[in-house]
Amino acid sequence: MRFTLRDNLPFVTVTLAYRGTAITVPHVLIDTGSARTIFAFDVVSGIQIIPAPEDTLYAIRGVGGMETVFSRPVDYIQVGERQLSQFEIEVGGMDYGFDIQGILGMDFLRQSRAVLSLAELSLDFAS
């Protein structure tokens, strides 16, 4: 599948399902520098991924600074034809100053056996 470049950064559309409800999330950055996959709270709250009293909060650090997140397993995450069940995502504010609704991190890229071609602007998956 092809990804798009916005401000010279690679973006894809991702589908997430939680408790039987699925949403499509555009503007998800492919980020090999991010260990984990994270989505913006305002996006995933639409399928009732909201903080619960038993959630553990984590402080994460990146180029954009420090952020507090919680994690939640989703029914599945899908990019193109590749779907991973019971995948754990992180959820945070993601107020980075530009339009980004999620980050597809190395946890997804490795588990899905992603093959990224910058020459072809494509994200494919090994069998």
Side-chain angles (χ1 to χ4, degrees):
M1 72 174 281
R2 292 192 48 88
F3 59 80
T4 59
L5 289 179
R6 289 187 21 235
D7 297 320
N8 219 26
L9 295 171
F11 284 85
V12 292
T13 297
V14 172
T15 300
L16 289 176
Y18 182 69
R19 295 185 177 169
T21 303
I23 58 167
T24 300
V25 184
H27 314 300
V28 177
L29 176 67
I30 301 169
D31 189 353
T32 61
S34 178
R36 301 285 313 262
T37 295
I38 181 171
F39 287 90
F41 173 76
D42 61 343
V43 172
V44 299
S45 64
I47 56 171
Q48 301 307 306
I49 299 178
I50 56 176
E54 65 273 10
D55 286 337
T56 301
L57 298 178
Y58 303 94
I60 61 171
R61 180 180 306 274
V63 173
M66 205 144 159
E67 179 171 9
T68 302
V69 300
F70 66 93
S71 64
R72 186 67 47 86
V74 293
D75 298 346
Y76 67 83
I77 181 172
Q78 183 170 340
V79 177
E81 297 299 316
R82 185 59 50 111
Q83 186 179 98
L84 298 180
S85 298
Q86 293 304 306
F87 186 82
E88 190 164 309
I89 63 167
E90 292 181 343
V91 179
M94 296 193 70
D95 185 14
Y96 302 152
F98 63 104
D99 186 22
I100 181 172
Q101 296 177 325
I103 295 173
L104 202 57
M106 285 296 290
D107 54 348
F108 176 85
L109 296 170
R110 292 202 63 215
Q111 285 181 50
S112 67
R113 302 189 50 162
V115 177
L116 187 62
S117 171
L118 299 177
E120 302 289 328
L121 297 182
S122 68
L123 174 64
D124 295 303
F125 301 96
S127 25

Here the salt bridge (charged side-chain N to carboxylate O under 4.0 Å, His left out) pairs for residues 71-83, sequence neighbours left out, are D55-R72
Subject >> More than 12 heavy atoms of other groups within 6.0 Å of Q83 CD >> reply: yes
Which of I30, V14, L84 passes side chain to side chain contact (heavy atoms under 4.5 Å, CB included) with F108? It is L84
Notebook entry, point to check: Is it the case that more than 12 heavy atoms not belonging to D99 sit under 6.0 Å from its CG atom?
Noted result: yes
- Message: Set out, in order, the CA-CA distance, both residues' side-chain angles and the distance that settles side-chain contact (heavy atoms from CB on, under 4.5 Å) for V69 and F41, then state yes or no.
- Response: CA-CA 9 Å; V69 300; F41 173 76; over 6 Å; no
*Evaluate the side-chain proximity of E67 to M94: yes if any heavy-atom separation is below 4.5 Å, no if none is.*
yes
One should read off an interatomic distance between L5 CG and L121 CG, to the nearest 0.5 angstrom, of 5.0 Å
Do I47 and V74 have side-chain heavy atoms sitting under 4.5 Å apart? no
In terms of heavy-atom contacts, F39 and V44 come closest through CB-CG1, 3.7 Å
Minimum side-chain heavy-atom gap V43-L16 below 4.5 Å
no
- Query: Do the side chains of M106 and I103 join up, straight or via other hydrophobic residues, at under 4.5 Å, putting them in one cluster?
  - Reply: no
task = Run the numbers on F11 and L104 for side-chain contact (heavy atoms from CB on, under 4.5 Å), then give the verdict.
result = CA-CA 9 Å; F11 284 85; L104 202 57; over 6 Å; no
Sorted by chain and number, sequence neighbours left out, side-chain contact (heavy atoms from CB on, under 4.5 Å) with S71 holds for Y58, E88, E90
In terms of heavy-atom contacts, G105 and T37 come closest through N-OG1, 3.0 Å
Note: F70 and I50 closest approach over all heavy atoms is CZ-C, 3.7 Å
